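Reviewing the structure listed below.
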Amino acid sequence: MTSASAPAPGAIGAIADDFTGGTDVAVAFRRAGLRTVLLFGPPRPDEVLPPHDAVVVALKTRTIAPAEAVRLSVEAATWLRERGAEQFYFKYCSTFDSRPSGNIGPVADALAELLGASRVVVAPSSPDHLRTQYMGHLFVDRMLLSDSPMRHHPLTPMVDSSVPRLLRAQTSRPVSLIDLRMVRAGADRVRSLVADAPDRSYVVVDALSDSDLAEVGLACADDVLVTGAAGLAGGLGAARMHRLGARTAAGRPASAHPPSPAISAGSRSAVLAGSCSARTLEQVEHMRERHPSFLLDAVLTPDPQALARQALAWFDEQPADSTALIYSSIPSDRLAEVQRLLGVEGASEILETAMGRVARGLVERGVRRLVVAGGETSGAVVTALEVGGGVIGEEAAPGVPWIHSTGPVALDLLLKSGNFGDPELLTRSIRSTAQNGAAA
Ligand SMILES: Nc1ncnc2c1ncn2[C@@H]1O[C@H](COP(=O)(O)OP(=O)(O)OP(=O)(O)O)[C@@H](O)[C@H]1O
Ligand SMILES: O=C(O)[C@@H](O)C(=O)CO
């Protein structure tokens with residue numbers, strides 16, 4: 001229990017390895033009650049932060065070369081530390097998306113070195129998203145990760161479900177497991193097991209529910225570096241609020257969160273889908289049946305500039321009151337064929353560049369509300385649009401908030417992780433923006 005005279009802890013500085021992961025973790029901190037700032041891409045040296053309890057820097061480091069991922073992550077952590085962060089959260093995917101070469105292990109190793117963290121908790125479980133971990137094995141809904149559609153992921157196919165094994169392939173530090181029975185013994189037990197782990201090691205922690213993660217959050221409330229997905233961020237945020245409660249007495253005043261601005265009225269919306277995840281494929285299908293759509297075909301047109309021009313020429317022919325879907329999402333058998341012809345990196349490079357150019361073209365044409373499906377794709381779009389950050393608004397689905405961007409052109413962005421949301425999310429989010437527009 002925190003005493004009323006306990007000093008207020010410094011802010012949490014979070015580093016997310018992709019942009020949808022950044023929105024997901026930002027919304028988890030915000031939901032816990034922390035004033036949260038979200039920045040996209042490496043922060044500018046002169047960036048001025050409003051009052052906050054947590055800052056999330058969303059990077060695009062999940063699938064780039066490990067050395068570059070390490071460099072960008074260490075720079076972000078250093079920047080956050082210079083701005084007063086005292087605890088650091090490395091956010092990776094709840095399905096532990098990575099390759100044997102990294103980047104979760106190398107980035108976590110480098111952050112631990114930088115921050116002097118000896119034992120580091122690893123907990124990808126995110127029950128809100130139906131990602132749970134039992135005896136070290138990750139489940140997606142009712143399936144083992146390795147049986148789930150994640151085994152067909154275009155960039156990070158996940159064919160093993162054991163988090164300790166996945167992590168051991170990416171680090172030379174020892175990796176141990178705190179299984180669910182120990183987690184259910186409570187925060188003190190977890191804390192003492194972490195303290196007993198070898199020096200310079202990782203401790204993978206099971207969790208099936210938010211209450212498990214609340215215990216884990218309490219157990220690592222004083223750790224300088226914690227790693228996981230949005231689930232543990234919620235647990236850590238709750239532990240933090242408990243302490244901040246001592247400072248704010250009656251809790252956070254209502255005015256502490258900036259109000260979510262209403263979604264801007266009267267401007268056009270568009271949907272860009274570059275995720276090939278099972279849920280996005282369903283969402284794209286639902287939207288395709290109801291709205292005009294254009295498939296970006298990298299095999300027919302491998303020049304990203306030309307591909308973007310085709311898509312924008314098509315967009316120019318659509319009725320001004322329509323909401324267009326521009327997508328490259330295809331099922332795993334067709335994906336394998338495209339990757340055979342263009343290479344895995346080649347295909348994604350073409351499509352991400354094209355998506356970025358399309359996004360810029362859409363904004364030039366007056367689109368102000370953009371829904372983007374896929375983390376890498378969101379990274380490409382937000383980077384091309386030079387959006388530096390945003391205010392977090394309402395959640396369209398768990399972990400998928402509207403972002404009201406800061407910067408010269410105000411945009412409403414919904415960055416949707418590949419497997420998040422129900423099958424109607426894309427169509428519904430467009431409808432809700434249209435209704436908002438009509439009502440305003
Ligand atoms: N038709 C296609 N052929 C080959 N690659 C594709 C195709 N469509 C998309 N891709 C690539 O697949 C990758 C999809 O990754 P992205 O992160 O956008 O989606 P996701 O992994 O489902 O989302 P998340 O990371 O949020 O779970 C991107 O690099 C994209 O360019
Ligand atoms: O944790 C998740 O599943 C998501 O936030 C994500 O990282 C999507 O790329």
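Note that the structure is a prediction, hence the values are computed from the model and not measured. Read the numbers this way: they start at 1 and go in the same order the structure lists the ligands and their atoms.
Put simply, no part of Gly375 is less than 4.0 Å from ligand 2, judged by heavy atoms. For the ligand labelled ligand 2, residue Thr95 lies outside the 4.0 Å heavy-atom shell.
Once rounded to the nearest 0.5 Å, the distance linking CH2 of Trp402 with CG of Leu411 reads 11.0 Å. Annotation: the span from Asp206 atom CG to His137 atom NE2 amounts to 9.5 Å, rounded to 0.5 Å.
Checking Thr61 against Asn103 by side-chain atom types alone, no donor-acceptor pair falls below 3.5 Å. With hydrogens and angles left out, the side-chain atoms of Ser275 and Lys416 include no donor and acceptor closer than 3.5 Å. For the residue pair Glu376 and Ser348, no side-chain donor N or O sits within less than 3.5 Å of a side-chain acceptor on the partner. Donor-acceptor pairing under 3.5 Å is recorded for the side chains of Thr427 and His286. Asp97 and Thr95 share a side-chain donor-acceptor pair at under 3.5 Å. In this model, no donor atom of one side chain and acceptor atom of the other lie less than 3.5 Å apart for Ser126 and Arg131. Under the 3.5 Å distance criterion, with hydrogens and angles disregarded, a donor-acceptor pair is assigned to the side chains of Tyr92 and Thr227. Using modelled atom types and a 3.5 Å distance limit, the side chains of Asp18 and Thr20 yield a donor-acceptor pair.
Shown in contact with Asp18 at under 4.0 Å from a heavy atom are these atoms of ligand 2, numbered in order with element: 7 (O), 8 (C), 9 (O). In summary, the atoms of ligand 2 found under 4.0 Å from a heavy atom of Lys91, numbered by their order in the structure, are 1 (O), 2 (C), 4 (C), 5 (O), 6 (C), 7 (O). Here is the list of ligand 2 atoms found below 4.0 Å of a heavy atom in Ser417: 4 (C), 6 (C), 8 (C), 9 (O). Numbered from 1 in the order shown, with element, the atoms of ligand 2 that lie under 4.0 Å from a heavy atom of Arg62 read 6 (C), 7 (O), 8 (C), 9 (O). Atom numbering of ligand 2 starts at 1 in the shown order; those under 4.0 Å from a heavy atom of Thr20 are 8 (C), 9 (O).
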One line per pair, note the atom names and distance for all nitrogen or oxygen contacts under 3.5 Å between ligand 1 and the protein.
residue  : atom   : partner : partner atom : Å
ligand 1 : 1 (N)  : Ser328  : O            : 2.8
ligand 1 : 8 (N)  : Ser328  : O            : 3.2
ligand 1 : 8 (N)  : Ser328  : OG           : 2.8
ligand 1 : 17 (O) : Gly375  : N            : 3.1
ligand 1 : 17 (O) : Glu376  : N            : 2.7
ligand 1 : 18 (O) : Glu376  : N            : 3.4
ligand 1 : 18 (O) : Thr377  : N            : 3.0
ligand 1 : 18 (O) : Thr377  : OG1          : 2.6
ligand 1 : 21 (O) : His153  : NE2          : 2.4
ligand 1 : 22 (O) : Ser275  : OG           : 2.6
ligand 1 : 22 (O) : Ser277  : OG           : 2.5
ligand 1 : 23 (O) : Gly375  : N            : 3.1
ligand 1 : 23 (O) : Gly418  : N            : 3.2
ligand 1 : 25 (O) : Asp18   : OD2          : 3.4
ligand 1 : 25 (O) : Arg62   : NH1          : 3.4
ligand 1 : 26 (O) : Thr20   : OG1          : 3.1
ligand 1 : 26 (O) : Gly375  : N            : 2.9
ligand 1 : 26 (O) : Ser417  : OG           : 3.1
ligand 1 : 26 (O) : Gly418  : N            : 3.0
ligand 1 : 27 (O) : Gly418  : N            : 3.4
ligand 1 : 29 (O) : Glu352  : OE2          : 2.6

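Closest to atom 5 (O) of ligand 2, if we only count protein heavy atoms, is Asp24 OD2, 2.6 Å. Taking atom 3 (O) of ligand 2 as the reference point, the nearest protein heavy-atom neighbour is Ser94 OG, 2.6 Å.
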